[in-house]
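Everything on this sheet refers to the single structure shown next.
To find a chain, count down the sequence lines: A is the first, B the second, and so on, and within it residues start at 1.
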Number of protein chains: 2
Amino acid sequence: MAKAKFSASHSAVEAILTAAIPLFAQAGFSGVAMRQVAQAVGISIATLYHHFPDKSTLYLKTIEATFADKAEGMAAVLAETGTPEQRLQKFVLRFTEMMSQDSYFRRLLQRELLDGDETRLRLLASQVFKAQFLNIAKLAQELAPGCDPHLMAISIAGLVLFHLEMTPLRQFLPGGCPEHNQPDIIARHVTALLLGGVPCCGNK
Amino acid sequence: MAKAKFSASHSAVEAILTAAIPLFAQAGFSGVAMRQVAQAVGISIATLYHHFPDKSTLYLKTIEATFADKAEGMAAVLAETGTPEQRLQKFVLRFTEMMSQDSYFRRLLQRELLDGDETRLRLLASQVFKAQFLNIAKLAQELAPGCDPHLMAISIAGLVLFHLEMTPLRQFLPGGCPEHNQPDIIARHVTALLLGGVPCCGNK
DNA sequence: GTCTATAGTCGGATAGAC
DNA sequence: GTCTATCCGACTATAGAC
């Protein structure tokens, strides 16, 4: 009973969140007006406020939806067989590809690292990172016993994410070219660096 | 002649920029109101607009001032003697310390990587990074001949910067503790990783 | 659930006196 | 150079009809 009603409401909320993700990713919380969101969905502001009590809640729900989507995808990245080196290589490649594809998620992540309050940071940690973080840390311990797994896990993810963060700046730096933004190029460089240290191309 | 007049104007502009840096670093362009800046300096809005034609220009000048300050400091980080390994170690340590201290610069850098237009990104590249980037790339070539120096330079700086970006999230991730945010801990980890590859603590 | 209309506030920017 | 006073458009949020 009341199925149609609930379903309609549900899809309206989904449509709003879908429209809000690119807007907040592009301009951040204070850079987006509720009018813009309403216009992007094709509804009035009053209808928007019927589904979300205020702008902060809309933003939080947008973040939650984005991160929940990503948490699902992240689960498929690991659980590989092979030597630790092979598993690292595969993880880095898949992680790079996944992060390259979803610039909205990446931008929201960057914005949360700058402006996230404790609630949203806890959400980010527990929903998106925690499970994969433990797997990476475990892999790092196999490859580098005695090394701090927490620092290693952040370094591995950070190498990939920072190269993607630098995409807009790269073209203005010496030696930068569009090829450096390709996922497979970044993944190969990061893998070689992690497995070989600085002489990373001597062992190719 | 007209020295006092010019001097007064100069220090007023400086006072405004000094007050604007932490505000824009904290909340970003759209998160700061001109009224806030005026209040922080202790002047009226009209006076603020007497010195800067609009908000965009104030923001640009704030970024320019912050980056110009940093460009000076960056010059002192390099020019070391010793083996390539020793020079890398010293560079990473000093770079980490320098970036740890100035969170305003770091936040403005993060914000520009998200929202910077071409003008400001070119400024960032040429004023802040270019000179040091070439030095790091050169050092990387000594340590890893045949490896792409552009990718290596970004990886070296990125390892340090990403660990600092993760500071607010670290406490919610497995194994994270306040000590992981200390510059010397980060620098040691990054150096070991770069010189030894993943088995970074086996050679301590 | 969705709308039009609007309240009330805050934003960037300006006029003109001193 | 600095101020008070003000304009006015944009913003968040709400009221009330359908």
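- With sequence neighbours left out, B/Glu72 forms a side-chain hydrogen bond (donor to acceptor under 3.5 Å, both in side chains) with no residue at all.
- For B/Phe162 and A/Phe162, the ring centers are positioned 6.0 Å apart or more.
- The six-membered or imidazole ring of B/Phe105 lies near that of B/Phe67, with a centre-to-centre distance under 6.0 Å.
- Applying the 4.0 Å criterion to OP1 and OP2 of D/dG1, one finds that B/Thr47 has every side-chain N and O outside that range.
- Note on ring orientation: taking the six-membered ring where Trp is involved, the planes of A/His163 and A/His189 are perpendicular (angle over 60°, cut-offs 30° and 60°).
- Rounding to whole angstrom units, NE2 of residue B/His51 and P of C/dT14 are separated by 16 Å.
- The CG-P distance, from B/Leu48 to C/dG11, rounds to 14 Å in whole Å.
- In this structure, B/Arg111 pairs ionically with A/Asp115, as a charged nitrogen and a carboxylate oxygen lie closer than 4.0 Å.
- The distance from atom CD of B/Gln39 to atom P of D/dC3 is 13 Å, rounded to the nearest whole Å.
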Once each nucleotide of nucleotides 10-18 of chain D is scored for protein heavy atoms under 4.0 Å, what B/S/- sequence comes out, 5' to 3'? -BBBBB---
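- Classification of B/Glu142 and B/Lys138 as a salt-bridged pair fails, no side-chain N sitting under 4.0 Å from a carboxylate O.
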